[in-house]
Amino acid sequence: MKIGSMTSTARSLVLVSAVAAAGLATAGCSDDNNTTPSTPRMYNQVQRLGNPLVSEVLLSKRSHPTHGSIGPDQDATLVAPEVVDFLTTVAGRDPAYIQAIAPALIPDLLVVDTSKDPSTAVGWLTWLPQLGGGYGGRQLQDDVTDLALTAVFGDALGDAAHATPGLTTDNVAFDSPGVTATFPYLAVPN
């Protein structure tokens with residue numbers, strides 16, 4: 001059927017459809033970069049583990065819910081006293097070592113210094129000047145448990161006199177079947 005032979009109702013429907021399609025196409029090509037959800041949403045934080053084992057080793061089990069529900073801005077008040085107590089009484093570290101390692105543990109967050117050259121050292125504590133001055137972060141194959149245990153019980157900062165080398169590993173090796181150079185970077189979970 002040719003457009004000229006359509007009824008006025010059919011022509012109106014075709015015109016309305018064309019206008020609607022053009023409107024949708026224009027809206028889809030908008031330069032509006034607003035990605036804010038139309039409805040505000042609230043989320044409940046369940047857990048956070050920026051530095052491995054801060055909650056799992058340095059805090060008592062009764063403190064886990066508190067640690068998991070607060071932000072790093074509250075760590076100095078609510079988490080630091082228990083961490084210092086553990087490092088002093090259980091790990092037997094002296095005050096100088098605790099003072100040196102404290103910035104890596106409190107606040108509990110993962111530091112990545114993007115101002116540094118990415119070819120510098122990568123690893124959980126490398127952002128600390130005394131541990132390499134790298135850019136921080138983690139590599140997929142990092143044994144974060146052993147790194148954390150070494151920071152707490154080992155000779156990470158030259159404090160061999162107060163170290164407990166037998167507690168610096170969980171004796172579990174990196175067991176991922178593969179790390180790839182493309183997303184999703186890990187092989188199928190084992």
Can you find a pair of side-chain heavy atoms, one from Leu105 and one from Leu58, that are under 4.5 Å apart? yes
Taking only residues two or more places apart in sequence or in another chain, which ones pass side chain to side chain donor-acceptor pair (under 3.5 Å) with Thr169? Asp146
Thr77: side chain to side chain donor-acceptor pair (under 3.5 Å) partners, not counting sequence neighbours: none
One pair to check against side-chain contact (heavy atoms from CB on, under 4.5 Å): Leu78 and His67. What are the steps and the verdict? CA-CA 8 Å; Leu78 299 174; His67 177 257; over 6 Å; no
Shortest non-hydrogen contact from [X] to [Y]?
X	Y	answer
Phe86	Val57	CE1-O, 3.4 Å
Pro72	Pro107	O-CB, 3.5 Å
Pro81	Ala76	CD-O, 3.8 Å

Measure the [atom1]-[atom2] distance between [X] and [Y] for me, rounded to the nearest 0.5 Å.
X	Y	atom1	atom2	answer
Asp108	Ile70	CG	CD1	9.0 Å
Leu87	Arg93	CG	CZ	8.0 Å
Ser55	His64	OG	NE2	3.5 Å
Leu149	Thr164	CG	OG1	11.0 Å

Which residues pass the salt bridge (charged side-chain N to carboxylate O under 4.0 Å, His left out) test with Asp75, not counting sequence neighbours? Arg48
Could you list the residues that satisfy side chain to side chain contact (heavy atoms under 4.5 Å, CB included) with Thr88, not counting sequence neighbours? Val84, Ile98
What pairs with Ser60 under side chain to side chain contact (heavy atoms under 4.5 Å, CB included), at least two apart in sequence or on another chain? Arg62, Ser63, Glu82
Listing request: all salt bridge (charged side-chain N to carboxylate O under 4.0 Å, His left out) pairs with a residue in residues 162-173, at least two apart in sequence or in separate chains.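 Sorted result for residues 162-173: empty, none.
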Can you establish whether the number of heavy atoms outside Gln74 located under 6.0 Å from its atom CD is more than 12? yes
